Amino acid sequence: MTDSLKNLKLIEKAAFQDDLIEWFAKEQRILPWRKDQDPYKVWVSEIMLQQTRVDTVIPYFNRFIEQFPTLEDLADADEEKVLKAWEGLGYYSRVRNLQSAVKEVREKYGGTVPNTKDEISTLKGVGPYTAGAILSIAYGIPEPAVDGNVMRVISRILSIWDDIAKPSTRKIFEKAIEELISHDNPSYFNQALMELGALICTPTTPSCLLCPVRDHCHAFHEGVEKELPIKTKAKKQRLIRLAAVVIKDSDGNTVIHKRPSSGLLANMWEFPNVEISLPFLREKSHIQGLLLEQLGIEVKLGKNVGQIEHVFSHLKWDIQVFEGELLTPIREADDLKYATLESIDAYPFPVSHQKIIKQYYKYS
DNA sequence: AAGGCGGGGAT
DNA sequence: ATCCCAGCCTT
């Protein structure tokens with residue numbers, strides 16, 4: 001760890017801070033969450049930005065703040081509406097944790113987002129990065145906010161060759177930032193590092209000739225900027241085979257199912273479906289049996305009307321889609337409802353099942 | 001420490 | 001196809 005930071009004391013700290021912050025002041029993008037420093041809005045933006053690009057987040061952020069302008073509005077909102085506002089963003093536990101945390105802030109802190117590392121870190125979904133981001137951006141407190149951008153930028157500046165895929169490595173970068181961060185403007189300092197990572201110090205082909213801190217960068221001077229950061233690769237997805245059914249009865253209704261409250265796509269809605277554990281067990285009679293056993297739906301499967309492939313970070317779905325006719329009315333419940341292909345719009349659906357809707361409309 | 005947890009854009 | 005993204009939680 002000490003050896004990883006052997007170049008830290010060689011940095012001209014004041015000049016590095018000035019060059020970085022001056023660049024950010026001039027070149028920063030105009031983004032909706034930069035209009036003010038409302039801790040609630042900073043918080044929402046930071047949660048949305050986890051593992052998600054700026055361009056993807058912008059329209060979601062605008063709609064979300066329009067729908068839930070204050071912390072109290074979000075605390076009071078119906079979870080289904082909140083999930084719907086997040087639909088398509090992914091990692092849905094982010095927003096379920098956010099709403100839970102917002103309720104806690106209202107009850108325990110009188111609606112004021114806490115401004116200490118210890119307190120804010122106890123909130124659901126607020127980890128080391130998000131805690132540092134909110135504290136520095138909303139409250140001007142000099143805390144490190146180490147994300148993927150910062151690890152890439154700092155690994156190059158300081159020529160750090162530790163594997164950034166290892167959880168323990170983050171502490172090395174936090175230590176570096178604690179030493180380097182500007183106490184005059186910690187907000188701009190942290191944002192500048194991330195903005196630099198997004199615009200200049202990019203993963204494969206960094207634009208070093210445009211970089212405001214090139215003169216401070218050890219990797220650039222050693223000509224190794226493209227070799228950093230070191231990151232071991234992820235493993236590939238495992239394949240899950242599913243059969244889904246779009247039920248149509250004589251009244252034009254279909255049937256939708258709400259997923260369990262934990263695990264993958266928690267509390268999201270979907271077309272009834274079952275996993276076909278063995279690839280050869282694709283007979284309609286077998287699938288009908290599984291639908292009855294697992295969901296209590298007695299259905300006669302018709303034509304295979306489509307096939308969906310959907311890739312997650314850790315698995316891949318292959319969904320065979322069938323038309324189906326309901327043999328017995330469903331037992332309506334909190335997790336099983338009738339819907340028309342139009343009223344489905346009101347329910348939060350994962351993208352994989354939105355694809356089914358699209359394909360089905362094209363087919364029919 | 002390792003794996004679960006979404007989805008889209010860049011290369 | 002592969003990587004990466006303003007990561008966190010559970011085990």
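Worth saying up front: this structure is predicted, and the values here are computed from it rather than measured. The sequence lines fix the lettering, A, B, ..., with proteins before strands; numbering per chain opens at 1.
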Looking for any heavy atom pair under 4.0 Å, which part of the strands does [X] touch: base, sugar-phosphate only, or nothing?
X      : result
A:W317 : nothing
A:V126 : sugar-phosphate
A:T56  : nothing
A:L89  : base
A:G197 : nothing
A:R259 : nothing
A:R96  : nothing
A:T202 : nothing
A:S168 : sugar-phosphate

Of the candidate nucleotides [options], which contains the atom at the shortest distance from the side chain of [X]?
X      : options             : answer
A:Y92  : C:dC5, C:dA6, B:dG7 : B:dG7
A:T130 : C:dC4, C:dG7, B:dC5 : C:dG7
A:L264 : C:dA6, B:dC5, C:dC8 : B:dC5

Please report, rounded to the nearest Å, how far the [atom2] atom of [N] is from the [atom1] atom of [X].
X      : N     : atom1 : atom2 : value
A:N97  : C:dC8 : CG    : C1'   : 8 Å
A:L196 : C:dC5 : CG    : P     : 14 Å
A:D55  : C:dA6 : CG    : C1'   : 13 Å
A:K231 : B:dA2 : NZ    : P     : 14 Å
A:I164 : C:dC3 : CD1   : C1'   : 12 Å
A:I47  : C:dC9 : CD1   : C1'   : 12 Å
A:F312 : B:dG8 : CZ    : P     : 11 Å
A:L315 : B:dG7 : CG    : C1'   : 13 Å

[M] and [N], which share atom name [atom1], separated by this distance in whole Å:
N     : M     : atom1 : answer
B:dG4 : C:dA6 : P     : 24 Å
C:dC3 : B:dG6 : C1'   : 15 Å
C:dC9 : B:dG8 : C1'   : 23 Å

Can you check whether [X] has a side-chain N or O nearer than 4.0 Å to OP1 or OP2 of [N]?
X      : N     : value
A:H314 : B:dG4 : no
A:Q50  : C:dA6 : no
A:H310 : B:dG6 : no
A:Y91  : C:dC9 : no
A:K235 : B:dG3 : yes
A:R170 : C:dG7 : no

**Q.** Distance-only donor-acceptor test (3.5 Å): side chain A:R94, base B:dC5
**A.** no

Q) Under 3.5 Å, is there an N or O donor on one side and an acceptor on the other linking the side chain of A:T52 and the base of B:dG6? A) yes

Within the structure provided, determine whether [X] and [Y] are in side-chain contact (heavy-atom separation under 4.5 Å).
X      : Y      : value
A:Q320 : A:D318 : yes
A:W33  : A:V54  : yes
A:D76  : A:R106 : yes

Q. Hey, are A:W161 and A:S159 close enough side-chain-wise for a donor-acceptor pair under 3.5 Å?
A. yes

Q | Any side-chain donor near an acceptor of the partner, A:W23 and A:E195, under 3.5 Å | A | no

Q: Could you say whether A:T204 or A:R238 is positioned toward the 5' end of DNA chain B, judged by the nucleotide with the nearest heavy atom to each?
A: A:R238

Q | Nearest-nucleotide 5' precedence on DNA chain C, A:K236 against A:L31 | A | A:K236

Q. So A:F271 and A:H353, would you call those rings parallel, tilted or perpendicular, with 30° and 60° as cut-offs?
A. parallel

**Q.** Ring-face cation contact, A:Y92 with A:R96, 6.0 Å cut, 45° max
**A.** no

